[in-house]
Amino acid sequence: MDDCHTVGDWYSVPDLRLRDHWFTVPLDYSSSSLTISIFAREVVAAGKEEQSLPYLLYLQGGPGFESPRPTEASGWLKKACEEYSVILLDQRGTGLSTPVTVSSLSQISSAEKQADFLKHFRADNIVKDAEFIRINLVPDNRPWTILGQSYGGFCAVTYLSFAPQGLKSVLITGGLPPIGSDCTAEAVYRSCFEQVLRQNEKYYKRFPQDIEIVRELVNHLTGLDGGGVSLPSGGILTPRGVQTLGLSGLGSSAGFERMHYMFERIWDPSLHPGAKKHISYSFLKAFENWHSWDTNPLYALLHESIYCQGASSNWSADRIRNEYDSLFDVVQAAKEDRPVFFTGEMIFPWMFDEIHALKPFKDVAHFLAIKDDWPPLYDVASLNNNQVPVAAAVYYEDMFVNFRLAMETASKIASIRPWITNEFMHSGLRDGGNQVFDQLMGMLKGKKPLF
């Protein structure tokens, strides 16, 4: 086996056969002074491991999340394995691909140098990794099909921009990124806040009893010494922390229900009248389990940077939030008996003070926020002349990827067929993967009508 590529033996989960691949790649493709490891898992239907199948690369959402670990043949993966050998890529910095952790990043001497290290973990280098893998894995360097979910779709559009020769066809689910020159991080978050407001209104319309429950929780936290209560990990739950539940609760299938049931167990039971109220350990633990800051810190560190091209983000979400005056002021809303609005997929500077898992990254997060020399992620001229067939699921009520901005991008990509639907939310590939994958493949193959 080539020095840069190591492959393991086949092994099994129900109805699937898998084998693991490790690749050694440069951190910076313009300089080979430092290398990192990239992990990818190959998955085929049981009994097809000796067949010569076309390849499909799956690009996971994020940024900063590893590929799924299959335990059985189900959903979109089962459907894809009917035709393809599927490659589940752990994007650099995640899973088994030289993951970014507190301990690994601490090996770099300063926050400024850490930021210089992390600048290599965006879509441009993920695409270069994918091309490196394709050339070393696919027989005769044949092009492959890619499936990009959410941020993986952003990576797919970067792929179309700079390495279309590696692509046979592209499937995108909830992941058409803003690519226009005016689509800065600010423009993205301004659009996203508008959708977040609508999702809050819909949530409280479905669960009106939660208006008072959330207000009571916020007022309780505000009245405590230090403005919050200790979490099991050592962090602190504050009113602003409560707002972050909207990240998953407002934008994914069954998120409304999951958040509502979480609020059912806020308080410890009072065993006698007049007893002092205490927030239950069950709620505090559930709150911490709601996010993955401790296992996937790259998500928080790079979240605004994924939109940056030649300009800094300068904490865009925080600045746009302030444009809404008191609408997202959680403490004021609770005092004035207004509904407390949750935020969505936004990262704020205060998180690196209050969230225990993110505190070690406070300084590097600052350097990333002010960095203004980010390279381009898209080539609009190339996309205008694209010849690779693309089918994209665009979710009308997507809270994470704004519908209007997504459709503006679709208008700039030649050879694309968008499928617009409100049947699914951003998590459509997870919730209805078989149907979504079948719809997009049918569009690529001409089996679905144009209109």
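Keep in mind the model is a prediction, meaning the values are calculated, not measured.
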Subject >> Within 45° cone of F328 ring axis and under 6.0 Å: R321 NZ or CZ >> reply: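 Pair R321/F328 does not count as cation-pi.
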Does a donor on one side chain sit under 3.5 Å from an acceptor on the other, for [X] and [Y]?
{"X": "S97", "Y": "R92", "value": "no"}
{"X": "E186", "Y": "S316", "value": "no"}
{"X": "E345", "Y": "Y299", "value": "yes"}
{"X": "T6", "Y": "H21", "value": "no"}
{"X": "E131", "Y": "Y159", "value": "yes"}
{"X": "H426", "Y": "D398", "value": "yes"}
{"X": "Q243", "Y": "T343", "value": "no"}
{"X": "S30", "Y": "D28", "value": "yes"}
{"X": "D90", "Y": "T94", "value": "no"}

Would you find more than 12 non-hydrogen atoms of other residues, nucleotides or ligands less than 6.0 Å from [X] atom [atom1]?
{"X": "R319", "atom1": "CZ", "answer": "yes"}
{"X": "K202", "atom1": "NZ", "answer": "yes"}
{"X": "D9", "atom1": "CG", "answer": "no"}
{"X": "K412", "atom1": "NZ", "answer": "yes"}
{"X": "Q387", "atom1": "CD", "answer": "no"}

Using a strict 4.0 Å threshold on nitrogen-to-oxygen distance, state whether [X] and [Y] make a salt bridge.
{"X": "R17", "Y": "E42", "value": "no"}
{"X": "K359", "Y": "E354", "value": "no"}
{"X": "R41", "Y": "E66", "value": "no"}

For a quick test of your reading: what N or O donor-acceptor pairs under 3.5 Å do the side chains of residues 251-259 make, sequence neighbours left out?
| unit_1 | atom_1 | unit_2 | atom_2 | d |
| --- | --- | --- | --- | --- |
| S252 | OG | S248 | O | 2.9 |
| E257 | OE2 | R206 | NH1 | 2.6 |

Subject >> Flag side-chain contact, heavy atom, 4.5 Å: C81 against K48 >> reply: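 Answer no - side chains too far apart.
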Original post:
Are any non-hydrogen side-chain atoms of L237 and V242 less than 4.5 angstrom apart?
Top reply: yes
Taking the six-membered ring for Trp, are [X] and [Y] closer than 6.0 Å centroid to centroid?
{"X": "F352", "Y": "F348", "value": "no"}
{"X": "W76", "Y": "Y58", "value": "yes"}
{"X": "Y189", "Y": "F193", "value": "no"}

Keeping [X] on the side-chain end and [Y] on the backbone end, is there a donor-acceptor pair under 3.5 Å?
{"X": "S161", "Y": "D379", "result": "yes"}
{"X": "R122", "Y": "P375", "result": "yes"}
{"X": "N200", "Y": "F341", "result": "no"}

**OP:** Step by step, work out the side chain to side chain donor-acceptor pair (under 3.5 Å) result for Q195 and Q199.
**Re:** CA-CA 6 Å; Q195 184 64 35; Q199 292 301 108; 3.1 Å; yes
Original post:
Between CG of L301 and CH2 of W293, what distance do you get to the nearest 0.5 Å?
Top reply: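 With rounding to 0.5 Å, CG (L301) is 10.5 Å from CH2 (W293).
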